[in-house]
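Heads up: the structure comes next, in structure tokens.
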Amino acid sequence: MSLQVFGIPVSRGVAIGRAVLVASSRVDVAHYFISPAQADDEIERLRQARDLVAQELSNLQRDLPADAPAELSALLDVHLMLLHDESLTGATKVWIRERHYNAEWALSAQLEVTARQFDEMEDAYLRERKADLEQVVERLLKALTRTEVDPRSGLAAARDFAGEDPLVLVASDIAPADMLQFKSSVFTGFVTDVGGRTSHTAIVARSMNIPAVVGAREASRLIRQDDWVIIDGDAGVVVVNPSPIVLEEYRFRQRQSELERARLDRLRHTPAVTLDGESVELLANIELPGDAQEAMKSGAVGVGLFRSEFLFMNRDGQLPDEEEQFEAYRQAVQAMQGLPVTIRTVDVGADKPLERMSAQELRHEHQLNPALGLRAIRWSLSEPAMFRRQLRAILRASAFGKVRILVPMLAHLSEVRAVFDEIDRARRQLDDRAQSYGPVELGAMIEIPAAAISIDLFLQHFDFVSLGTNDLIQYTLAIDRADESVAHLYDPWHPAVLHLIAMTIERARAAGRHVSVCGEMAGDPAFVELLLAMGLRSFSMHPARIAAIKQRVLRADASRLAQRLPQVLQAQDPAAQAKTSFNTAF
Ligand code: PEP
Ligand code: MG
């Protein structure tokens, strides 16, 4: 039966494909594709995990005290029976062989199927066995973590064997790190139950340049494995099992947006200059060093934000050492062929945990209020050895090209001083080792309202500033950027937000400092005229957005826009006023 699910559009375009469900188990597991050649090894891991759990359960049974109730032993019997039941492990092997899922993913996919069968049972006793099955699967998943393999090994080949039909990813929630694994994967679109427009999962999805809808609440419950799904990333609509007429309509739109993309691609090498001759710098946001190639291809004139924290995620407590980081930064710097690369020091915490964990889990269990907690520079300064390791690696990479260091989430002068001390110390350590490094410019992210309000302080100390509008909006409006239930209140047009942005740009320009915007606003065509009017001449965004933004820049008259800015800033409804004053359609 055809149905529609509504959510928040986060990445434009239309995707049509078969649903691949990433189940959300209580034990958060890795999801990745393996190559057909790895299937035997994966099944062997599953067998080993099953033997481990069988052993655990038998030991438990053996060690039961003599006065333990008889039901306990009977329950363990049920668990052992479920463990050896072919409908669980046999079917899981099919997911591994035919769908090329890793063992954990295959097991949680099978749990979903079997759990639904239990739900539909008439017999109450049997229905209640679902909880037992979940416990057994949880034990198996835990046992599998003891036999873990490197997920990255299978990803590159995934494209070649995922089957004929295009695939779309449907999940309750996807951690940013998992999203990154899917980046080099086969999906042509994705939809999640949770998340907001600028949640980090949405940002990574946007960087994959595939249509996506988040915050679609019930999607992962309503959509079943293999359903045909249309993801309308412009409207935030997901159509499940569409009728032939609807499907044809969307296929037409899909072709249209591909043509539009091809047309924009032709602007790649055109310099971004406004009608009145103002040059505008369009930079790329990247997550991994390999993305630098994409940045070059898009016509970016540098990297305005390298989110280095993605190098630190999902490493089982083994953070990258100085050499590994140095290689990663050098790779990005060299790939940019002399163009500047802005490396942001690690920004973990909040919805970017170091270890795999869903945002929901993080919110509820691990910190009281993660967005206000120990994240970004606060975390770095609490781990000085780790911070210096990163600084040394970045400084060393600066011998290979133009490098800028960007520090996230600053608010206090004491933090500024601590950062400068650490940089001095890192330089001295390199001097002691006689290792070379180049000159670097130092920048502060302005993403906490306190930093914007005291912008002059930051301009005195730093060579440049970069506005992190994603967080600036979150903290100004007290809206969790990852929470879909308040997504409607996440409003970049709020007068208070505009005031802070305009003030930061104006002061930075007056002080002769380079100022850029690297939040999602910079890659959203709706804000190009507004930011140009405010005097912004440097925008940093996902490479895929550059052509569309360039098109708007080429059609803009910066001085005319600047004259009309006061009308917009003073309006009660700046979004409506901007449409009239700037005479633009969003
Ligand atoms: C921002 O906050 O706008 C930003 C660019 O950083 P991040 O999205 O990684 O928090
Ligand atoms: Mg930020």
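Atoms within a ligand are numbered from 1 in the order they appear, just like the ligands themselves.
For the residue pair S298 and I546, the shortest heavy atom distance occurs at OG-CD1, 3.5 Å.
H514 and E441 share no side-chain donor-acceptor pair at under 3.5 Å. For the 3.5 Å distance criterion, the side chains of D173 and T192 fail to qualify, holding no donor opposite an acceptor.
The main-chain N or O of R388 is never found under 3.5 Å from a side-chain atom of E422 such that the two would form a donor-acceptor pair.
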Below 3.5 Å, can you tabulate the donor-acceptor pairs from side chains in residues 393-413 to any protein atom, sequence neighbours excluded?
unit_1 : atom_1 : unit_2 : atom_2 : d
R396   : NH1    : E322   : OE2    : 2.8
R396   : NH1    : E323   : OE2    : 3.0
R396   : NH2    : E323   : OE1    : 3.4
R396   : NH2    : E323   : OE2    : 3.2
S398   : OG     : L395   : O      : 2.4
S398   : OG     : G438   : N      : 2.9
S398   : OG     : G438   : O      : 3.2

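Test Q390, Q325, E287 against S308 for side chain to side chain donor-acceptor pair (under 3.5 Å) and you get one pass: Q390.
The residues E278 and R537 are annotated as salt-bridged, a charged nitrogen and a carboxylate oxygen being separated by less than 4.0 angstrom.
Only protein atoms were considered; those of element N, O or S under 2.8 Å from the Mg ion (ligand 2) number 2.
Within the structure, the salt bridge (charged side-chain N to carboxylate O under 4.0 Å, His left out) test picks out the following pairs touching residues 447-469 (sequence neighbours left out): D456-R507.
For CD of Q334, the number of neighbouring non-hydrogen atoms (other residues, nucleotides, ligands) closer than 6.0 Å is greater than 12.
Taking a heavy-atom cut-off of under 4.0 Å, ligand 1 is surrounded by H200, I203, L305, R307, R344, D347, K352, R375, M445, E447, G468, T469, N470, D471, R481, C518, G519.
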